[in-house]
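Following: one structure in structure tokens, then a few remarks.
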Number of protein chains: 2
Amino acid sequence: MGTNIDNARWEMIEAGGRTCQSFGLNPLFGQMYMLLYLSREPLCLDQLAERLGVSKASISIVSRQLESWGAIRRVWKRGDRRYFFEAEMEIRRLIERGLLPSIIKKLDSARHQIERSLSLIDEADSEDAKLLRDRLADAERRRARLESLIDNPIVRKLL
Amino acid sequence: MGTNIDNARWEMIEAGGRTCQSFGLNPLFGQMYMLLYLSREPLCLDQLAERLGVSKASISIVSRQLESWGAIRRVWKRGDRRYFFEAEMEIRRLIERGLLPSIIKKLDSARHQIERSLSLIDEADSEDAKLLRDRLADAERRRARLESLIDNPIVRKLL
DNA sequence: TCGATCGTTTAGAATATTGTAAACGAATCG
DNA sequence: CGATTCGTTTACAATATTCTAAACGATCGA
């Protein structure tokens with residue numbers, strides 16, 4: 001009956017890959033996270049490569065990216081030179097360390113761009129300039145609303 | 001002083017492209033939406049192609065995708081065979097028609113996959129099966145939480 | 001110190017995405 | 001009706017992404 005378990009696990013891994021792909025990411029991100037998420041124990045690079053059927057080089061690159069997002073963690077076993085990866089199980093930490101910082105960064109860069117474009121037309125007084133100013137102000141209102149949504153304590157709690 | 005206005009607009013268009021790119025999307029989506037968002041009047045395919053410096057074929061494909069997401073709208077001028085596009089200015093509508101449906105679809109497909117994997121190991125009773133069941137149940141809890149977050153009236157209002 | 005193991009880097013192959021020109025069908029107008 | 005305009009489709013070129021094998025440096029143990 002091991003086959004059914006393997007199938008169930010593998011389908012989840014594939015689904016994780018497809019989900020990542022649908023967000024424009026390398027499917028390996030989702031596959032690797034899911035494999036670790038469903039694994040009893042942490043896995044080393046070679047195990048990850050073997051089970052996902054890709055080279056160790058890919059695993060090396062993708063795993064460091066996943067780690068930088070806080071989605072997986074590096075752990076050591078004493079007396080073993082290798083290191084192992086385990087999935088971050090606390091979704092809150094994953095969101096707070098990985099997702100939110102990147103969104104906040106984008107929102108910040110958007111604010112900078114809007115301000116910069118506004119300053120470029122500071123002295124202009126044409127109809128076109130007025131329209132552009134209006135639209136940029138509107139965009140800034142949208143942007144600020146999103147920002148406050150993220151900071152909202154109620155929303156934070158729900159995450 | 002038309003140059004400064006053009007610069008301000010073009011920088012916003014480029015920023016829109018970069019934002020889309022950072023989400024793994026074709027930059028043209030962001031560029032095109034931003035161009036329409038900052039435009040006084042709706043623009044036709046040829047105008048979009050000319051102003052963004054790409055072929056009409058690309059515009060044709062990308063515009064229909066944007067339209068299907070509810071990000072832009074098709075409008076007609078009487079006595080003109082061409083049709084024109086304008087940006088959807090109501091961010092709420094954009095979220096409700098474009099973003100949320102796609103998220104809901106993903107959450108739904110995730111639920112299906114979890115259920116399917118659970119049913120595959122229905123009869124299994126090994127330690128591995130138990131662990132997998134636990135993890136899948138945990139994943140389902142996460143998923144359901146996200147779903148309820150989207151449905152939460154407080155959150156809906158904030159959007 | 002030598003050989004083995006481990007993780008990383010790199011050069012380039014394989015693949016997927018994106019963009020174009022040209023062909024096309026449909027609608028419009030003289 | 002032709003001729004023209006408009007949007008779409010298609011075949012293919014350009015580009016970007018993803019993956020691998022091989023080389024590499026570091027570390028450990030014999």
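Below, all heavy atoms of this structure are taken into account, side chains as well, without hydrogens, waters or symmetry copies. So you know, we letter chains A, B, ... as the sequences are listed, proteins then strands, and number each from 1.
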Heavy atom of residues 32-44 of chain A under 4.0 Å from DNA chain C: which residues?
->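 Nothing qualifies; none.
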About how many Å separate CG of B:Asn152 and NZ of B:Lys157, when rounded to the nearest 0.5 Å?
->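 Spacing of NZ (B:Lys157) from CG (B:Asn152) equals 12.0 Å.
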Which distance, rounded to the nearest 0.5 Å, do you find between the OG1 of B:Thr19 and the CE of B:Met12?
->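 Result: 8.5 Å between the selected atoms.
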Is a side-chain donor-acceptor pair under 3.5 Å present for B:Glu11 with A:Gln113?
->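 Present: a donor and an acceptor within the cut-off.
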Whole-Å distance separating the CD atom of A:Glu67 from the P atom of C:dG7 =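 Answer to the nearest Å: 12 Å.
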Give the rounded distance in Å between these two atoms: CZ of A:Phe84 and P of C:dG7.
->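 Spelled out: CZ on A:Phe84 to P on C:dG7 is 8 Å.
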Going 5' to 3' on DNA chain D, which nucleotide is the first and which the last to come under 4.0 Å of a heavy atom in chain B?
->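 Answer, 5' to 3': D:dT5 to D:dT9.
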Under 3.5 Å: donor-acceptor pair, side chain of A:Ser102, backbone of A:Leu99 =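 Yes; at least one donor-acceptor contact below 3.5 Å.
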Between the main-chain N or O of A:Arg116 and the side-chain N or O of A:Ser119, is there a donor-acceptor pair closer than 3.5 Å?
->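 Looks like yes, one N/O pair under 3.5 Å.
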Residues two or more places apart in sequence or in another chain: which of them pass side-chain contact (heavy atoms from CB on, under 4.5 Å) with A:Ala57?
->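 By the side-chain contact (heavy atoms from CB on, under 4.5 Å) rule, A:Ala57 matches A:Ser55.
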Name the orientation class of the two ring planes belonging to B:Tyr37 and B:Tyr33 (parallel below 30°, tilted from 30 to 60°, perpendicular beyond 60°).
->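 Correct class here is parallel.
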Show the distances under 3.5 angstrom between N or O atoms of the protein and N or O atoms of nucleotides 17-19 of chain C.
unit_1, atom_1, unit_2, atom_2, d
C:dG19, OP2, B:Asn26, ND2, 2.8

Report the residues that fulfil side chain to side chain donor-acceptor pair (under 3.5 Å) with B:Ser22, sequence neighbours left out, ordered by chain and then residue number.
->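 Once residues adjacent in sequence are excluded, the partners of B:Ser22 under the side chain to side chain donor-acceptor pair (under 3.5 Å) criterion are A:Lys106.
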Go through the steps to decide whether A:Glu140 and A:Arg111 satisfy the test salt bridge (Lys or Arg N to Asp or Glu O under 4.0 Å), and finish with yes or no.
-> CA-CA 7 Å; A:Glu140 169 57 20; A:Arg111 184 171 55 80; 5.8 Å; no
In B/S/- notation (B base, S sugar-phosphate only, - none; protein heavy atoms under 4.0 Å), nucleotides 24-30 of chain C written 5' to 3' is --BBS--
